[in-house]
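The next block holds one structure in the form of structure tokens; read it before the comments.
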Amino acid sequence: QVQLVESGGGSVQAGGSLRLSCVVSGYSYPRKCMGWFRQAPGKERETVARIVSDGGSPLYADSVKGRFTISLDNAKNTAYLEMNNLEPADTGVYYCAAEPSVRACYPRPTRSFTYWGQGTQVTVSS
């Protein structure tokens, strides 16, 4: 059974930083596309960043480029989202997700994510 567990959320002031972690367990596929998503109250979920487990350039939403960095530690089965210069607009519940098909990591993805974490709250105050 695949499980994803996020941690690292919290409350910070604008301009601050947080690092989210996502530990993946029970995953036996050889490759994966990992993604971070967020959902603000009253808004649809949006993709924040995606990365393929065996290399390639990560993809970011325009709103976070230059501020957020997605990375993977395959030895630890952990994905990270380093968030710097946080803005109130970054507030929301952040979810990590994993998908065996790398098509989920295409610039125009042709596959949705199968496995999801429970989410972690990030609140940025002005």
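Computed from heavy atoms alone, side chains included, the values below leave out hydrogens, waters and symmetry copies. Worth saying up front: this structure is predicted, and the values here are computed from it rather than measured.
Follow the hydrophobic side-chain contacts under 4.5 Å out from Leu72 and you reach Leu81 in the same cluster. Residues Val48 and Val52 fall into different hydrophobic clusters, defined by Ile, Leu, Val, Met, Phe, Trp and Tyr side chains chained together at heavy-atom separations under 4.5 Å. No chain of hydrophobic side-chain contacts below 4.5 Å, direct or via other Ile, Leu, Val, Met, Phe, Trp or Tyr residues, connects Trp116 to Val23. Met83 and Tyr80 are not part of a single hydrophobic cluster, where members link through side-chain heavy atoms under 4.5 Å apart. Val12 and Val122 fall within a single hydrophobic cluster, where Ile, Leu, Val, Met, Phe, Trp and Tyr are joined by side-chain heavy atoms under 4.5 Å apart, directly or via other members.
The shortest side-chain heavy-atom distance between Gln118 and Tyr95 does not fall under the 4.5 Å cut-off. Contact of the Phe113 side chain with the Cys33 side chain is registered, since non-hydrogen atoms from C-beta on lie closer than 4.5 Å. Residues Pro100 and Tyr115 meet the side-chain proximity criterion, which asks for heavy atoms closer than 4.5 Å. Between Arg111 and Val102 there is no side-chain heavy-atom pair separated by less than 4.5 Å. Between Tyr60 and Thr69 there is a side-chain heavy-atom pair separated by less than 4.5 Å.
Asp73 and Thr78 share no side-chain donor-acceptor pair at under 3.5 Å. Side-chain contact of Ser125 with Gln13: a donor-acceptor pair under 3.5 Å is absent, judged by distance alone.
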- Task: Step by step, work out the salt bridge (Lys or Arg N to Asp or Glu O under 4.0 Å) result for Glu99 and Lys32.
- Result: CA-CA 5 Å; Glu99 168 54 37; Lys32 58 181 173 285; over 6 Å; no

- Given side chain to side chain contact (heavy atoms under 4.5 Å, CB included), test Glu82 with Leu20 step by step and report yes or no. CA-CA 6 Å; Glu82 185 77 34; Leu20 306 183; over 6 Å; no

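Using modelled atom types, one side-chain atom of Ser101 and one backbone atom of Arg103 make a donor-acceptor pair closer than 3.5 Å. Within the 3.5 Å criterion, the main-chain N or O of Ser7 finds no donor-acceptor partner in the side chain of Ser21. Between the side chain of Thr120 and the main chain of Gly9, a donor-acceptor pair closer than 3.5 Å is present. With hydrogens and angles disregarded, a donor-acceptor distance shorter than 3.5 Å links the side chain of Glu6 to the backbone of Gly119.
Listed by first then second residue, pairs satisfying disulfide (SG to SG under 2.5 Å) with a partner in residues 34-67 number zero, not counting sequence neighbours.
Nearest heavy-atom pair across Asn84 and Ser17 is OD1-OG, 2.9 Å. Summarising the geometry of Pro107 relative to Arg50, their closest heavy-atom pair is O-NH2, 3.7 Å, with the distance given to 0.1 Å. Residue Ser126 comes nearest to Pro88 through the heavy atom pair CB-CG, 3.9 Å, listed as atom of the first residue, atom of the second, then distance. Closest heavy-atom contact between Pro58 and Ile70: CB-CG2, 3.5 Å.
In this structure, the separation between OG on Ser53 and CG on Asn74 is 5.5 Å, given to the nearest 0.5 Å. Rounding to the nearest 0.5 Å places CD of Glu44 at 14.0 Å from CZ of Arg38. In this structure, the separation between CG on Leu4 and OG on Ser25 is 7.5 Å, given to the nearest 0.5 Å. If you take CD on Glu87 and OG on Ser63, they are separated by 8.0 Å, rounding to the nearest 0.5 Å.
In this structure, the ring pair (Phe, Tyr, Trp, His ring centres under 6.0 Å) partners of Tyr29, at least two apart in sequence or on a different chain, are Tyr27.
Cation-pi geometry between Arg45 and Phe37 is satisfied (NZ or CZ under 6.0 Å from the ring centre, within 45° of the ring normal).
Salt bridge annotation for Arg67-Asp90: present, with a cationic side-chain nitrogen under 4.0 angstrom from a carboxylate oxygen.
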